[in-house]
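Notes follow once the structure below has been shown.
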Amino acid sequence: MAATVLWRIWGLFALFTIVVLGANVTDLGKPISIPPSQYWDGKDGPWSTFRIEVGTPPQQLRVIPASDQSSSWLILPEACGDGSEENCSANRGTAFLRNKSSTYKESGQFELNTFLEERVGLTAEGGLYGNDTLSLGWTGDGMPTLKQQVIAGILTTNFYLGSLALNPRPMNLTDYNNPIPSLMQSLRNMSTPIPSTSWSYTAGSHNLAPKVFGSLVLGGYDSTRFKSNDVVFPFGADISLDFQVAIQSVTTNATDKPLLGTGIIAYIDTLVADIWLPADACQLFEQAFGLVWDNSTQLYLLNDTLHKSLLAKNPTVSFKVGPQVNGQSVTIDMPYWNFYQTATTSYLGNSSSLYFPLKRAANDSQYILGRTFLQSAYLSADYERNTFNLSQALYPTTATSPNIVAILPPLNEKSPGGNGGTSQSKSGLSTGAIAGIAVGGAAVLAIVATAIFILYRRKKRTEKDETHELDDTDAQNTMAHEVPGDGIKYEVGDGLRHEATGDSQFKAELYAAGEQQKPVEADAANLAAVYEMPAEDLKPHEMAAEELKRHEMEGEGQLTKKPPALSEVLPARRGTDASEIEEIVDDDMSPLTPPPERHRRLG
């Protein structure tokens, strides 16, 4: 009996450990590592792209991540219709043929959200919005397939490649009362969701030998792709400028003179290729590396002589970045082989050339760290804590297997609020802290179980000693024993028996006060009887998992610039009413504060 009690308590211990430590995989979902396409695409890179499929039957496309978008952008075949660029569709990651998809539903022409990109001249004439089935990876990759995902067809060459939406905020095409879930929201709502609304990305390196593809993980990160640090960056106050960083300094081993005189505030953007710095900083780069600005192309073109000289020297540029202009920081080292890119004929026209991806900013609104920077940096965004991390990127060999780690959501803690309600506060505990709590709780439970077991055994032994004050010499159980019982004595022969046998004439005199009373076996108040104490069944309590409450997603920023209508390029189509988008909002999802951005209809 005691062993049963102990095993049940230890069962509780095992259950506790499994629930808490195993929550990473069982309860909270699994991160998704999107396979790289193993192609290098783009007119200003080349860049490592990633695999997705869109439509029914699925069409294989190659895209880059869009850190600030809630809708995925796809290249329309009309973008290559004039025949001016050979292999246009293939060069741009393959155009999406919407007329070949039976599940495509067109919504109409609306503005694209290019709030940050417009600051550096990357404008667009709008997008042809609709929804369709979207799969991460290609057939055979075993990735999720999501229905009715918002996509925007684009024509512009400013955004040469299609992109996958990573911003989790919902969007609206008509009004604020019907927000459309983003791709990241849909992944969080799957039956096997991603563990948290988060993602991690590094661009890889085309010029490294051997080449290293980019890495894109949703709901986690790849620990083999970065050097960890403890610096945490909060999201920017403007919801359209989440990835705000302070560049505290820029230095190089090619000269003792700093390349940036004072700290500046800049923004990270995966849809921008170049690094945009103040004009005086660009002049210091020119002096340090012999760069020459080409006014016609607005690029720092590299001739063969200069390129070979820089390759031989292989200088490193170090960006010291932090949440504030002063204070804690992390240093991102960029070698020269991440600083030369190829401008193709699609960029330059009749020729191609190597160029140094540095641009002169006209004002502080243009300070941007684009994909060039993310070749050497690893970016992890956590929308449930409104923070991100920036780390030095690593380039593991092909023999190194990825180590995908989940980013767990913060714990929900309820505390008394006003009017008898509850207020929610987020406790951003790390995985190590959660594991520590689990181990500590398990240890306490083990100690309690052991203590209960010892006390139980001691109590049983004490009761037996008090009840059976017997002579140990009666080995054959032949002596009659007198068992005292508060004034009543019973003689029981043939050894000590706790129950009289059926043919024994065992009687007890019972006092009847007035009325005749029925005989009973024994009065518990007057007889110190011996009982075998049954072990209480200890049933394991069902452990309530703390409800993981997701942050309500904030809406996208308002755009003010009205581009030309796509109707000038696209043929008129029927059924372009935005109301055709089927509402796929979960019942318990509500518009966020500030509300999602309403995209203005064009034409």
Can you list the residues that meet the side-chain hydrogen bond (donor to acceptor under 3.5 Å, both in side chains) rule with Ser380, with sequence neighbours excluded? Ser200

Do the two ring centres, one from Tyr378 and one from Tyr201, sit under 6.0 Å apart? no

Trp199/Phe243 aromatic ring centres below 6.0 Å: yes

Dump the intermediate steps for ring-ring contact (aromatic ring centres under 6.0 Å, His included) on Tyr383 and Phe235, then the final yes or no. CA-CA 9 Å; Tyr383 291 86; Phe235 278 173; 5.1 Å; yes

Approximate separation, where rounding is to 0.5 Å, of [X] [atom1] and [Y] [atom2]:
X      : Y      : atom1 : atom2 : answer
Asp333 : Ser376 : CG    : OG    : 8.0 Å
Leu164 : Ser72  : CG    : OG    : 4.5 Å
Thr270 : Leu369 : OG1   : CG    : 12.5 Å

Sorted by chain and number, sequence neighbours left out, salt bridge (Lys or Arg N to Asp or Glu O under 4.0 Å) with Asp269 holds for none

[X]: partners by side chain to side chain contact (heavy atoms under 4.5 Å, CB included), with sequence neighbours left out:
X      : answer
Val212 : Leu208, Arg225, Tyr395
Thr133 : Thr56, Thr103, Thr145, Lys147
Thr224 : Asp222, Pro396, Thr400, Asn403

Phe373 vs Phe319, test: ring-ring contact (aromatic ring centres under 6.0 Å, His included). Steps then yes/no. CA-CA 9 Å; Phe373 178 75; Phe319 288 78; 5.6 Å; yes

Is the number of heavy atoms from other residues, nucleotides or ligands within 6.0 Å of CG (Asp230) greater than 12? no

May I ask you to decide whether Asp141 forms a salt bridge with Arg51, counting only side-chain N to carboxylate O separations under 4.0 Å? yes

Distance-only donor-acceptor pairs under 3.5 Å for side chains of residues 32-39, two or more places apart:
residue : atom : partner : partner atom : Å
Ser37   : OG   : Tyr39   : N            : 3.1
Ser37   : OG   : Thr49   : O            : 3.2
Ser37   : OG   : Thr49   : OG1          : 2.6

